[in-house]
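For reference, the structure discussed in these notes is given below.
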Amino acid sequence: MVLRMKRIIDIFGSLVGLLFLAPFFALVVLALFLCQNGPVFFCQQRPGYKGYPFVIYKLRTMVELFDNQGNLLPDKERMTWIGSIVRKASLDEVPQLWNVLKGEMSLVGPRPLLMEYLPLYSPEQMRRHDVLPGITGWAQVNGRNAISWEERFELDVWYVKNQSVYLDLKIILMTLKRVAFSEGIAQEGRATIDKFQGKGGREY
C-alpha cells in the first residue's frame with residue numbers, strides 16, 4: 001500500500017513539477033547555453049534500486065578546466081557564476097523529474113551516488129539501495145552536503161527502515177524550506193562534497 005501510494009505521489013508530483021517549471025526551466029537552460037561552453041545537460045550512470053544502474057539527468061553547472069599537467073581542476077574553480085546560482089537554487093536537479101516519471105527514481109529516497117562507491121559500502125550502508133533513489137531524502141533535509149558521509153548513510157538507512165507516505169510528505173516540505181534558504185549546499189570551503197573513500201579511506 002505504501003509503495004503504491006508513493007508511486008502515485010511520484011507520478012503526480014513529477015508531472016506537476018515538469019509542467020509548472022517548464023517555462024522557467026527553458027530560461028535557465030538558455031542562460032546556461034549562453035554562459036557556458038559545452039553541453040547544458042549532464043548525464044551519468046548511477047546505481048538505482050538494488051544497485052542496478054540507470055542514467056541520471058542533471059543540468060551542468062561546471063565546465064571542463066584542466067591544469068598544465070592535464071588534471072581536472074577542483075570543483076570550486078570549475079563552477080561558473082550561473083552554475084553556482086543554479087546549484088544554490090537546486091535547479092540542476094529538475095531534469096530528474098523525468099527519471100521519477102520513468103520509475104527509475106522517486107521524489108523522496110537516498111540520493112543516487114557514484115557507481116564506483118558500490119564496493120566501498122558496508123552491508124548496512126548498502127541497504128540504502130533497498131528503495132528507489134530520490135531527488136531529495138532524509139539526509140538532504142538533515143544537513144545535505146554539509147554532513148559527513150557516515151552521517152549521510154546512517155540517515156539514508158534510517159529512512160529505508162522507517163519510510164511512509166507521511167514521512168515522504170514531511171521531507172518534501174522540509175526540502176522546499178531548505179532550498180528557499182540554500183541550506184547545506186556544500187561542505188565548508190568547497191563547491192561540492194568530498195568523494196567517499198570508504199571507512200578509513202579504504203575498501204571494506
Side-chain angles (χ1 to χ4, degrees), residues 2-4 6-11 13-15 17-18 25 29 32 38-64 72 75 78 83 86-87 90-141 144-145 147-161 163 168 171-172 175 185-187 191-199 201-204:
V2 172
L3 292 179
R4 184 178 299 176
K6 186 178 178 71
R7 183 57 186 156
I8 291 173
I9 293 172
D10 283 345
I11 293 173
S14 57
L15 281 174
L18 287 169
F25 182 71
V29 169
L32 289 172
V40 173
F41 292 95
F42 174 80
C43 303
Q44 187 180 58
Q45 196 173 70
R46 297 284 179 92
Y49 178 68
K50 296 299 184 182
Y52 292 112
F54 73 100
V55 177
I56 195 173
Y57 308 108
K58 299 183 69 174
L59 289 180
R60 190 179 294 274
T61 56
M62 292 183 283
V63 293
E64 299 293 302
L72 201 63
D75 294 345
R78 296 189 295 116
V86 169
R87 186 180 287 264
S90 294
L91 293 172
D92 56 320
E93 312 289 359
V94 171
Q96 290 162 47
L97 290 172
W98 179 243
N99 288 116
V100 175
L101 196 59
K102 291 169 65 179
E104 298 167 330
M105 292 180 64
S106 175
L107 292 176
V108 180
R111 285 293 296 158
L113 302 174
L114 300 178
M115 295 295 297
E116 65 191 68
Y117 292 172
L118 288 177
L120 304 179
Y121 295 137
S122 68
E124 180 71 3
Q125 291 171 343
M126 193 66 184
R127 293 194 60 185
R128 68 192 308 276
H129 295 291
D130 287 348
V131 298
L132 285 174
I135 293 179
T136 186
W138 191 234
Q140 279 59 52
V141 298
R144 203 173 178 179
N145 289 344
I147 58 178
S148 69
W149 281 113
E150 288 72 20
E151 290 171 313
R152 291 182 70 179
F153 294 146
E154 286 176 5
L155 292 168
D156 286 340
V157 174
W158 184 92
Y159 171 80
V160 172
K161 295 176 180 178
Q163 61 177 315
D168 278 11
I171 290 172
I172 290 172
T175 298
I185 298 297
Q187 289 179 322
T192 57
I193 194 171
D194 289 317
K195 277 195 171 186
F196 178 56
Q197 302 292 331
K199 187 176 182 181
R202 62 180 185 278
E203 294 189 13
Y204 64 102

Which pairs pass salt bridge (charged side-chain N to carboxylate O under 4.0 Å, His left out) with one or both residues in residues 110-121, sequence neighbours excluded? E93-R111, E116-K195
So which heavy atom on R127 is nearest to which on V160, and how close? O-CG2, 3.5 Å
Does the side chain of D92 come under 3.5 Å of the side chain of Y57 through a donor N or O and an acceptor N or O? no
V100 side chain reached by L132 side chain, heavy atoms, under 4.5 Å: no
Which residues pass the side-chain hydrogen bond (donor to acceptor under 3.5 Å, both in side chains) test with T136, sequence neighbours left out? T175
dist N99:CG -> S106:OG (nearest 0.5 Å) comes out at 11.5 Å
Which atom pair, heavy atoms only, marks the closest approach of P112 to P47? CB-O, 4.0 Å
For K58, what residues pass the side-chain hydrogen bond (donor to acceptor under 3.5 Å, both in side chains) criterion, not counting sequence neighbours? none
Go through it in stages, so that I can follow the logic: the residues are H129 and Y121, the test is ring-ring contact (aromatic ring centres under 6.0 Å, His included), and I'd like the CA-CA distance, side-chain angles, deciding distance and then a yes or no. CA-CA 11 Å; H129 295 291; Y121 295 137; 5.6 Å; yes
Any side-chain heavy-atom pair from P110 and Y159 closer than 4.5 angstrom? yes
Distance check, rounded to the nearest 0.5 Å: D10 atom CG versus L15 atom CG? 10.5 Å
Evaluate the criterion ring-ring contact (aromatic ring centres under 6.0 Å, His included) for residue pair F153 and F196; output intermediate values, then yes/no. CA-CA 11 Å; F153 294 146; F196 178 56; 5.0 Å; yes
At their closest point, which heavy atom of Q44 faces which heavy atom of L114, and how far apart are they? OE1-CD2, 3.4 Å
Can you check whether D168 reaches K6 side chain to side chain, under 4.5 Å on heavy atoms? yes
Between atom CE of M115 and atom CZ of F54, what is the distance when rounded to the nearest 0.5 Å? 10.0 Å
Please enumerate all residues that pass side-chain hydrogen bond (donor to acceptor under 3.5 Å, both in side chains) together with R60, with sequence neighbours excluded. none
Would you please indicate yes or no on a ring centroid separation below 6.0 angstrom for Y117 and W149? yes
Under the side-chain contact (heavy atoms from CB on, under 4.5 Å) test, which residues partner F25, sequence neighbours left out? V29, F41, L59, V94, P95
Once rounded to the nearest 0.5 Å, what's the spacing between atom CD1 of I56 and atom SG of C43? 10.0 Å
With a 4.5 Å heavy-atom cut-off, do L118 and M126 have their side chains touching? yes
By the salt bridge (charged side-chain N to carboxylate O under 4.0 Å, His left out) test, which pairs, at least two apart or in different chains, include something from residues 46-57? K50-D130
Considering only heavy atoms from C-beta outward, does the side chain of R152 approach that of L113 to under 4.5 Å? yes
Between CD1 of I171 and CD of Q163, what distance do you get to the nearest 0.5 Å? 10.0 Å
Tightest non-hydrogen contact, residues A139 and D156, listed as CB-OD1, 3.6 Å
Give, for atom CD of E154 and atom OG of S148, the distance between the pair rounded to the nearest 0.5 Å. 7.5 Å
For E124 and K161, work out which heavy atoms get closest and say how close. OE2-NZ, 3.0 Å
